[in-house]
Amino acid sequence: MEFLTKVAQAFEHGGFWMWPILLIQVTSIAIVIERAYALFVRRKLNQTAFALGFEESIRRGEMDSIISKAQAASAQNPVARAIAAGALAARNLGGKEEIQGKMDEVLLEENAHLDHRTAFLSMLGNVATLTGLLGTITGMIKSFAAVAFANPAEKASLLSAGISEAMNATAYGLIAAIPALVAYAILQNRANRLAEDLNQGGLKVYNWLSYAYEPITSYHIKTSKSERNTEVNA
């Protein structure tokens, strides 16, 4: 209880700029909670391992089975969406370029989801520090104004009030900024690891699909038909 009382007094003595810093702190905490849940709970470092389970089916050419299996698992495994898109392109005989284009489209979207709102933490940390510095400056201005213009009897109290505002604003700005910047580094590292795992799994599937399926052109179809007709006539 005494601690909360001291915190309330420090907040009151910090002046107006304590409220913007409080807003920044609440926003950063909300982003940290949401991103931590999205990156540590909803996403797992198992996308490459999941993709390995499709190798034998791809080599056997079981595209319908691959597509249905990948679509069923797409909610829990982002790489499954890329697998389904690539397998669908392979089933339609689109060739390497189409397979890669379809898979890259999904992977780019999933990688973008990993970075949602994380960059705001770095910005909020810097803004909290600068806002605390602004509170420091306004507090020092009040202190110097007290020394220059106040009555001698009031100088001591006004000077101490200005210095108190300056120091409290600085401290609270750092209290809000440091956790935000630490959380940004942790979440960014997690997002990078998830992106590497996702891209590696997608690359493996693309290699298997592109090795197994080449585009079938009308020339190849006509050639095979003419060869069959020749054999029949012979």
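What's counted below: heavy atoms across the whole structure, side chains too, no hydrogens, waters or symmetry copies. If you're wondering where the values come from, they're calculated on a predicted model, not measured in any experiment.
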pair D197-R193: side-chain heavy atoms closer than 4.5 Å = no

ILVMFWY cluster, V127 and L133 together (side-chain gap under 4.5 Å) = no

task = Output the distance between atom CG (D115) and atom CG (N192), rounded to the nearest 0.5 Å.
result = 7.0 Å

ask   = Take atom OH in Y37; do more than 12 heavy atoms of anything else shown fall under 6.0 Å from it?
value = no

request  = Could you tell me the separation between the CG atom of N189 and the OG1 atom of T118, rounded to the nearest 0.5 Å?
outcome  = 11.5 Å

query = What's the spacing between L198 CG and L203 CG if we round to 0.5 Å?
reply = 11.0 Å

query = Cluster question for you: counting only ILVMFWY and a side-chain heavy-atom cut-off of under 4.5 Å, with indirect links fine, are L23 and F120 together?
reply = no

ask   = Between W17 and T170, does a side chain to side chain contact (heavy atoms under 4.5 Å, CB included) hold up when you go through it step by step?
value = CA-CA 10 Å; W17 294 107; T170 302; over 6 Å; no

query = With hydrophobic residues grouped by side-chain heavy-atom distances under 4.5 Å, do L121 and I178 end up in a single group?
reply = yes

task = Give the minimum heavy-atom separation between A87 and I66, together with the two atoms involved.
result = CB-CG2, 3.8 Å

key: Whether S57 side chain and F54 backbone form a donor-acceptor pair below 3.5 Å   = no

remark   = Closest non-hydrogen contact found for G202 with L107 is CA-CD1, 4.4 Å

key: From CZ (F16) to CG (L134), nearest 0.5 Å   = 9.0 Å

E105, CD: over 12 other non-hydrogen atoms inside 6.0 angstrom = no

key: K204 side, atom NZ; T48 side, atom OG1 - distance, nearest 0.5 Å   = 7.0 Å

inquiry  = Tell me whether S74 contacts the main-chain N or O of Q71 through its side chain, where contact means a donor paired with an acceptor under 3.5 Å.
reply    = yes

message = Once rounded to the nearest 0.5 Å, what's the spacing between atom CD1 of I29 and atom CD1 of I24?
response = 12.0 Å

ask   = What's the verdict on side chain to side chain contact (heavy atoms under 4.5 Å, CB included) for K69 and E62, showing C-alpha distance, side-chain angles and the deciding distance?
value = CA-CA 11 Å; K69 180 181 176 181; E62 300 171 350; over 6 Å; no

ask   = Does a side-chain heavy-atom distance below 4.5 Å link H116 with L39?
value = no

key: Heavy-atom check, side chain of F40 versus side chain of R35, under 4.5 Å   = no

inquiry  = With side chain to side chain contact (heavy atoms under 4.5 Å, CB included) as the criterion, how do E196 and Q200 come out once you've worked through the C-alpha distance, each side chain's angles and the decisive distance to 0.1 Å?
reply    = CA-CA 6 Å; E196 291 172 1; Q200 185 177 2; over 6 Å; no

task = Check whether any side-chain heavy atom of L88 sits under 4.5 Å from a side-chain heavy atom of R91, and report yes or no.
result = yes

task = Check whether any side-chain heavy atom of I83 sits under 4.5 Å from a side-chain heavy atom of F50, and report yes or no.
result = yes

request  = Would you kindly confirm whether I186 and L45 end up in one hydrophobic cluster when ILVMFWY residues are joined by side chain heavy atoms under 4.5 Å apart?
outcome  = yes

task = Taking the side chain as every heavy atom from C-beta outward, state whether N92 and M63 have any atom pair closer than 4.5 Å.
result = no

query = Checking S122 side chain against A119 main chain: does a donor-acceptor pair fall under 3.5 Å?
reply = no

message = Within the structure provided, determine whether Y184 and I31 are in side-chain contact (heavy-atom separation under 4.5 Å).
response = no

message = For a 4.5 angstrom cut-off between non-hydrogen side-chain atoms, does Q47 reach E110?
response = no

Worked verdict on Y172 versus L22 for side chain to side chain contact (heavy atoms under 4.5 Å, CB included) = CA-CA 8 Å; Y172 192 34; L22 175 62; 3.1 Å; yes

query = Closest approach of A195 and N111, non-hydrogen atoms and distance?
reply = CB-OD1, 3.5 Å

Atom of G125, atom of A177 and distance for their closest heavy-atom approach = O-CB, 3.1 Å

key: Heavy-atom pair of closest approach, residues G86 and I99   = O-CG1, 4.0 Å

inquiry  = Starting from I175, can I reach V26 by hopping between I/L/V/M/F/W/Y residues whose side chains sit under 4.5 Å apart?
reply    = yes

ask   = Which pair of heavy atoms, one from N168 and one from M18, lies closest together, and at what distance?
value = O-SD, 3.8 Å

